Amino acid sequence: MPCTPLGCLLLLRDQLGDMKGKHAVVIGASNLVGKPMALLLLGEGCTVSIAHIHTRDTAALAREADILVVATGCRELVRGSWIKPGATVIDVGITRTQTANGKTRLVGDVAFDEAVQVAGRITPVPGGVGPMTIACLLKNTLTAAQMQIKGQAE
C-alpha cells in the first residue's frame with residue numbers, strides 16, 4: 001500500500017474509529033495518493049466521492065464531506081468556506097512559498113488558518129501527514145524484509 005494514503009488512513013482510524021456510512025471526499029485523483037486513498041476509504045465503509053481538475057463546483061462537493069482528504073499540489077486551494085462544520089480534514093499537500101520578508105515557509109493544499117475555524121479535526125502542514133508517511137515507509141520496508149526472509153526459509 002502506498003505510504004501516504006496508508007498514513008492518512010491510520011490517522012483517520014485513530015481519530016474517528018468506525019467510519020462506516022461517513023461521506024468522504026478526496027480532492028485529487030493521482031495514482032500515488034488520491035485513487036489509493038479513495039479505495040482505502042471505500043474499504044472502511046465510507047461513501048466516497050473523488051474530485052479532480054474537471055470536477056464542477058468542487059467547493060460544493062467538499063462542503064458535503066464528513067472526511068475531506070486534499071492532495072492536489074495546489075497551495076491553499078481549499079478555503080474554510082469549502083469545509084463542512086465539524087468535518088475531519090487531512091491535508092496531504094506541501095508547497096514551499098515565499099513570505100513578505102523573503103523567507104520561505106511550507107503550506108498545504110488547505111488554507112489552514114481559515115479551515116481550522118470550521119473543521120472538527122485538521123492536520124497541519126508541516127507535521128501532519130509527513131511523519132505518518134515516513135512511519136508507513138518503515139512499516140512497508142519491514143513487511144517486505146519479513147516476506148523476503150520467509151521466502152528464503154521455504
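Small disclaimer: the values here were computed from a predicted structure and weren't measured.
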Undergrad: Ignoring hydrogens and geometry beyond distance, is a side-chain donor-acceptor pair present between R105 and T99 at under 3.5 Å?
TA: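 Checked: R105/T99 side chains show no N/O donor-acceptor pair below 3.5 Å.
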
Undergrad: Side-chain donor-acceptor contacts of residues 21-37 below 3.5 Å, not counting sequence neighbours, with atom names and distances?
TA:
unit_1 : atom_1 : unit_2 : atom_2 : d
H23    : ND1    : E64    : O      : 3.3
H23    : NE2    : S49    : OG     : 2.9
S30    : OG     : V33    : N      : 3.0
S30    : OG     : G34    : N      : 3.3
N31    : OD1    : K35    : NZ     : 3.1

Undergrad: Could you report the tightest heavy-atom contact between R96 and T104, atom names first, then the distance?
TA: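 Heavy-atom minimum between the residues: NH1-OG1, 3.3 Å.
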
Undergrad: Look at the side-chain heavy atoms of Ile, Leu, Val, Met, Phe, Trp and Tyr, link any pair under 4.5 Å apart, and say whether I67 and V89 land in one connected group.
TA: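 Unlinked, I67 and V89 end up in two clusters.
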
Undergrad: Would you check, one step at a time, whether the test side chain to side chain contact (heavy atoms under 4.5 Å, CB included) holds for T88 with Q15?
TA: CA-CA 9 Å; T88 299; Q15 291 298 303; 5.6 Å; no

Undergrad: Testing I90, L41, L40 for side chain to side chain contact (heavy atoms under 4.5 Å, CB included) with C8, which one passes?
TA: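 Exactly one pass, corresponding to I90.
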
Undergrad: Which atom pair, heavy atoms only, marks the closest approach of E114 to G80?
TA: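 Result for this residue pair: OE1-N, 3.0 Å.
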
Undergrad: Does N140 reach the main-chain N or O of M1 with its side chain, forming a donor-acceptor pair under 3.5 Å?
TA: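 It does hold such a pair.
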
Undergrad: Would you kindly confirm whether L11 and I94 end up in one hydrophobic cluster when ILVMFWY residues are joined by side chain heavy atoms under 4.5 Å apart?
TA: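 No; I94 is not reachable from L11 via cluster members.
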
Undergrad: Which pairs count as salt bridge (charged side-chain N to carboxylate O under 4.0 Å, His left out) when at least one residue sits in residues 43-60, sequence neighbours excluded?
TA: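 Residue pairs passing salt bridge (charged side-chain N to carboxylate O under 4.0 Å, His left out), neighbours aside: R13-E44.
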
Undergrad: Under 3.5 Å, side chain of T123 to main-chain N/O of D91, donor-acceptor pair present?
TA: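 Confirmed, T123 side chain pairs with D91 backbone.
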
Undergrad: In terms of hydrophobic clusters joined by side-chain contacts under 4.5 Å, are L68 and L61 together?
TA: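 Yes; L61 is reachable from L68 via cluster members.
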
Undergrad: Can you list the steps and then say if V92 with T4 is a side chain to side chain contact (heavy atoms under 4.5 Å, CB included)?
TA: CA-CA 8 Å; V92 178; T4 299; 3.6 Å; yes

Undergrad: When you group the ILVMFWY residues by side-chain heavy-atom contacts below 4.5 Å and let the links chain together, are V69 and I50 in the same group?
TA: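 Same hydrophobic cluster.
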
Undergrad: Which atom names give the shortest non-hydrogen contact between C3 and T133, and what distance separates them?
TA: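 Scanning both residues completely, I find the closest heavy atoms to be CB-O, 3.6 Å.
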
Undergrad: Is there a side-chain contact between L77 and W82 (heavy atoms, below 4.5 Å)?
TA: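 With C-beta onward as the side chain, the pair touches.
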
Undergrad: So that I can tick it off, tell me whether D109 and R75 are bridged by a salt bridge, with the cut-off set at under 4.0 angstrom between side-chain N and carboxylate O.
TA: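 A salt bridge is absent here (no side-chain N lies under 4.0 Å from a carboxylate O).
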
Undergrad: Which pairs count as salt bridge (charged side-chain N to carboxylate O under 4.0 Å, His left out) when at least one residue sits in residues 116-127, sequence neighbours excluded?
TA: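 Qualifying pairs, neighbours excluded: none.
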
Undergrad: Could you report the tightest heavy-atom contact between P5 and P2, atom names first, then the distance?
TA: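 Nearest pair, atom of P5 first, then P2: CD-O, 3.3 Å.
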
Undergrad: Minimum heavy-atom separation for P124 to F112, with atom names?
TA: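 Between these two residues, the closest heavy atoms are CA-CE1, 4.0 Å.
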
Undergrad: If every non-hydrogen atom of V110 is compared with every non-hydrogen atom of A115, which pair is closest and at what distance?
TA: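 Scanning both residues, the minimum pair turns out to be CG1-CB, 3.5 Å.
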
Undergrad: Around atom CD1 of I53, are there more than 12 heavy atoms of other residues, nucleotides or ligands at under 6.0 Å?
TA: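 No, CD1 of I53 has 12 or fewer neighbouring heavy atoms, counting only those of other groups under 6.0 Å.
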
Undergrad: Would you call V78 and I83 a side-chain contact if the rule is heavy atoms closer than 4.5 Å?
TA: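 A side-chain contact under 4.5 Å exists here.
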
Undergrad: How long is the gap from CZ on R63 to OG1 on T58, to the nearest 0.5 Å?
TA: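 The distance works out to 10.5 Å.
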
Undergrad: Between V129 and I122, is there a shared hydrophobic cluster once you connect ILVMFWY residues whose side-chain heavy atoms come closer than 4.5 Å?
TA: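 Not linked; separate clusters.
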
Undergrad: Would you compute the distance between atom NE2 of H52 and atom OG1 of T72 and round it to the nearest 0.5 angstrom?
TA: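 Those atoms lie 13.5 Å apart.
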
